[in-house]
Trainee: 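Below are the structure tokens for one structure; questions will follow.
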Amino acid sequence: MRFGVVTFPGSNCDYDALMVVRDQLHHDSEFVWHKKSDLSGVDCVILPGGFSYGDYLRTGAIARYSPVMKSVIKFANDGGLVIGICNGFQVLLESGLLPGAMLRNRKLRFVCKQVYLRCETSDSPFSNLIRVGEVLKIPIAHTDGNYYWNDEGVRELEENKQVIFRYCGADGKISDEANPNGSLNNIAGICNKTRNVFGMMPHPERASEELLGSADGLRVFQSIVAFAKAGVAV
């Protein structure tokens with residue numbers, strides 16, 4: 001399997017993402033500069049976290065106009081696997097590959113800490129190895145991670161089981177106290193209707209080995225590989 005890790009100006013988690021798939025999972029991987037448009041040979045695109053075009057709200061609105069995003073959108077629309085992490089999640093929202101928008105964090109402060117996520121569905125290429133109700137410990141680091149969407153949109157997300165992760169307590173209980181940024185319905189990660197595009201605010205690449213405080217994030221990348229090996233069409 002071959003991963004393509006897109007690098008935008010200001011990306012700073014691209015090496016972390018590459019390290020996980022190359023050194024932890026031992027799969028081929030390559031950086032894809034944002035001005036390139038060739039994704040041939042890539043099985044999964046990673047839009048990494050970091051300050052793509054700066055550390056401001058809606059910088060993803062600039063990133064979406066990078067030449068590579070035309071190819072990423074076509075790749076996704078053709079059924080290719082795409083995962084966006086933190087700022088990469090914002091890029092997916094701004095490019096229309098995922099519904100909704102990001103707001104400033106509820107307390108208008110940068111939040112950097114370990115949080116707990118409850119898996120809401122195993123029915124996706126990004127969570128097929130994670131049991132429903134299982135709790136993962138994965139860090140967040142953002143100022144603009146407050147997921148929002150309108151009532152009809154959220155109802156559709158819930159009905160289609162597109163919410164893959166919610167913020168929760170260590171015991172898996174969903175509560176306002178466990179919500180680090182004010183995200184609607186404690187939403188931490190969603191997929192599109194066809195389930196091949198996924199975005200999450202927490203950083204699974206920063207929880208890829210116990211040395212980092214948790215290896216739970218590795219489960220997301222292992223799920224991608226397991227899905228690809230099974231040869232399941234999205």
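Below, all heavy atoms of this structure are taken into account, side chains as well, without hydrogens, waters or symmetry copies.
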Trainee: With rounding to the nearest 0.5 Å, note down the distance linking CD1 in Ile164 to CZ in Phe126.
Mentor: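 Going from the CD1 atom of Ile164 to the CZ atom of Phe126 covers 7.0 Å.
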Trainee: Is the closest side-chain heavy-atom distance between Val32 and Thr7 below 4.5 Å?
Mentor: no
Trainee: If every non-hydrogen atom of Leu81 is compared with every non-hydrogen atom of Phe75, which pair is closest and at what distance?
Mentor: O-CE2, 3.3 Å
Trainee: Start with the C-alpha distance between Leu25 and Met1, add both sets of side-chain angles, then the distance that settles side-chain contact (heavy atoms from CB on, under 4.5 Å), and finish with yes or no.
Mentor: CA-CA 10 Å; Leu25 300 181; Met1 183 172 185; over 6 Å; no
Trainee: Please say whether more than 12 non-hydrogen atoms of neighbouring residues, nucleotides or ligands are located less than 6.0 Å from CG in Asp151.
Mentor: no
Trainee: So, do Arg206 and Ile138 sit near enough that their side-chain heavy atoms are less than 4.5 Å apart?
Mentor: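 Side chain of Arg206 against side chain of Ile138, heavy atoms only: no contact under 4.5 Å found.
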Trainee: For Asn186, which residues count as a side chain to side chain contact (heavy atoms under 4.5 Å, CB included) partner, sequence neighbours excluded?
Mentor: Arg166, Tyr167, Ile174, Asn179
Trainee: So, Glu134 side chain and Arg131 main chain: donor-acceptor pair closer than 3.5 Å or not?
Mentor: yes
Trainee: Under the side-chain contact (heavy atoms from CB on, under 4.5 Å) rule, what do Leu117 and Val135 come out as? Steps first, then yes or no, please.
Mentor: CA-CA 5 Å; Leu117 309 178; Val135 176; over 6 Å; no
Trainee: Please confirm whether the backbone N or O of Asp38 pairs with a side-chain atom of Ser71, one donor and one acceptor, at under 3.5 Å?
Mentor: no
Trainee: Output the distance between atom CE (Met102) and atom OH (Tyr148), rounded to the nearest 0.5 Å.
Mentor: 14.0 Å
Trainee: Please round to the nearest 0.5 Å and tell me the distance separating atom OG of Ser127 and atom CZ of Phe227.
Mentor: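 Between Ser127 OG and Phe227 CZ, I get 10.5 Å after rounding to 0.5 Å.
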Trainee: Please check this pair: side chain of Asn192 against backbone of Val197, looking for a donor-acceptor N/O pair closer than 3.5 Å.
Mentor: yes
Trainee: Between Asn185 and Glu158, does a side-chain contact (heavy atoms from CB on, under 4.5 Å) hold up when you go through it step by step?
Mentor: CA-CA 10 Å; Asn185 292 359; Glu158 302 282 4; 3.1 Å; yes
Trainee: Does the plane of the ring in Phe89 sit parallel, tilted or perpendicular to the ring in Tyr147? Use 30° and 60° as the thresholds.
Mentor: parallel
Trainee: Do NZ/NE/NH1/NH2 and the carboxylate oxygens of Arg2 and Glu30 come within less than 4.0 Å?
Mentor: yes
Trainee: Which is it for Leu136 and Ile130 under the side-chain contact (heavy atoms from CB on, under 4.5 Å) test, yes or no, and what are the steps along the way?
Mentor: CA-CA 9 Å; Leu136 307 182; Ile130 308 170; 3.9 Å; yes
Trainee: Above 12 or not: heavy atoms from other molecules or residues under 6.0 Å from CZ of Phe31?
Mentor: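 Result for CZ/Phe31: enclosed.
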Trainee: What closest approach, in Å, do Arg22 and Ser29 show between heavy atoms, and which atom pair accounts for it?
Mentor: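 Heavy atoms only, the tightest pair is CB-OG, 3.5 Å.
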Trainee: Is Ile140 linked to Tyr116 within one hydrophobic cluster, defined over Ile, Leu, Val, Met, Phe, Trp and Tyr using a side-chain heavy-atom separation of less than 4.5 Å?
Mentor: no
Trainee: Strictly distance-based, threshold 3.5 Å: is any side-chain N or O of Ser122 a donor or acceptor partner for the main-chain N or O of Asn128?
Mentor: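 Checking the backbone N and O of Asn128 against the side chain of Ser122, no donor-acceptor pair under 3.5 Å is found.
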Trainee: Evaluate the side-chain proximity of Leu218 to Gln24: yes if any heavy-atom separation is below 4.5 Å, no if none is.
Mentor: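 They are in side-chain contact.
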Trainee: With heavy-atom distances below 4.5 Å as the criterion, would you say the side chains of Pro67 and Lys36 are in contact?
Mentor: no
Trainee: Does a salt bridge link Asp123 with Lys161, judged by any charged N lying under 4.0 Å from a carboxylate O?
Mentor: no
Trainee: Does any non-hydrogen side-chain atom of Val225 lie less than 4.5 Å from one of His27?
Mentor: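 Yes, their side chains come closer than 4.5 Å.
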Trainee: How long is the gap from CZ on Phe3 to CG on Leu18, to the nearest 0.5 Å?
Mentor: 10.5 Å
Trainee: Between Ser66 and His34, which heavy-atom pair has the shortest distance, and what is it?
Mentor: OG-ND1, 3.2 Å
Trainee: Do any N or O atoms from the side chain of Asp78 and from the backbone of Gly80 form a donor-acceptor pair under 3.5 angstrom?
Mentor: no
Trainee: Between Val111 and Pro180, which heavy-atom pair has the shortest distance, and what is it?
Mentor: CG2-O, 4.0 Å
Trainee: Any side-chain to backbone donor/acceptor pair from Asn146 onto Arg104? Under 3.5 Å, distance only.
Mentor: yes
Trainee: To the nearest 0.5 Å, what is the distance between SG on Cys86 and NE2 on His142?
Mentor: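 Going from the SG atom of Cys86 to the NE2 atom of His142 covers 6.5 Å.
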Trainee: If I compare all heavy atoms of Ala207 with all of Leu212, which pair ends up nearest, and what's the gap?
Mentor: N-CD1, 4.4 Å
Trainee: Are Phe221 and Leu129 in one and the same hydrophobic cluster, where Ile, Leu, Val, Met, Phe, Trp and Tyr link if side-chain heavy atoms are under 4.5 Å apart?
Mentor: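 No, Phe221 does not connect to Leu129 through the hydrophobic network.
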Trainee: Are Glu120 and Ile190 packed together at the side-chain level, in the sense that at least one heavy-atom pair is separated by less than 4.5 angstrom?
Mentor: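 No. Closest side-chain heavy atoms not under 4.5 Å.
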Trainee: Is Arg118 salt-bridged to Asp171, going by a charged N under 4.0 Å from an acidic O?
Mentor: no
Trainee: Do Cys13 and Asp16 come within less than 4.5 Å of each other through their side chains, counting heavy atoms only?
Mentor: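 Side-chain contact under 4.5 Å: yes.
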Trainee: Mind checking the CD-CE spacing from Glu209 to Met19? Nearest 0.5 Å is all I need.
Mentor: 5.5 Å
Trainee: When you measure from the side chain of Gln162 to the backbone of Cys191, do you find a donor-acceptor pair of N or O atoms at a distance under 3.5 Å?
Mentor: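 The answer is yes, because a donor-acceptor pair under 3.5 Å joins these two groups.
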Trainee: With heavy-atom distances below 4.5 Å as the criterion, would you say the side chains of Cys44 and Ile83 are in contact?
Mentor: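 Side-chain contact under 4.5 Å: yes.
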Trainee: Do you know the tightest heavy-atom contact between Leu92 and Ser95?
Mentor: O-OG, 3.1 Å
Trainee: Given Leu47, which of Asp14, Val6, Ile85 fulfils the side-chain contact (heavy atoms from CB on, under 4.5 Å) condition?
Mentor: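 Testing Leu47 for a side-chain contact (heavy atoms from CB on, under 4.5 Å) against Asp14, Val6, Ile85 leaves exactly one candidate, Val6.
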Trainee: Has Asn160 got a side-chain atom pairing as donor or acceptor with Lys193's backbone, closer than 3.5 angstrom?
Mentor: no
Trainee: Between Asn105 and Thr143, is there a side-chain donor-acceptor contact under 3.5 Å, judged purely by atom types and distance?
Mentor: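 Their side chains do not contain a donor-acceptor pair, so the 3.5 Å distance test is not met.
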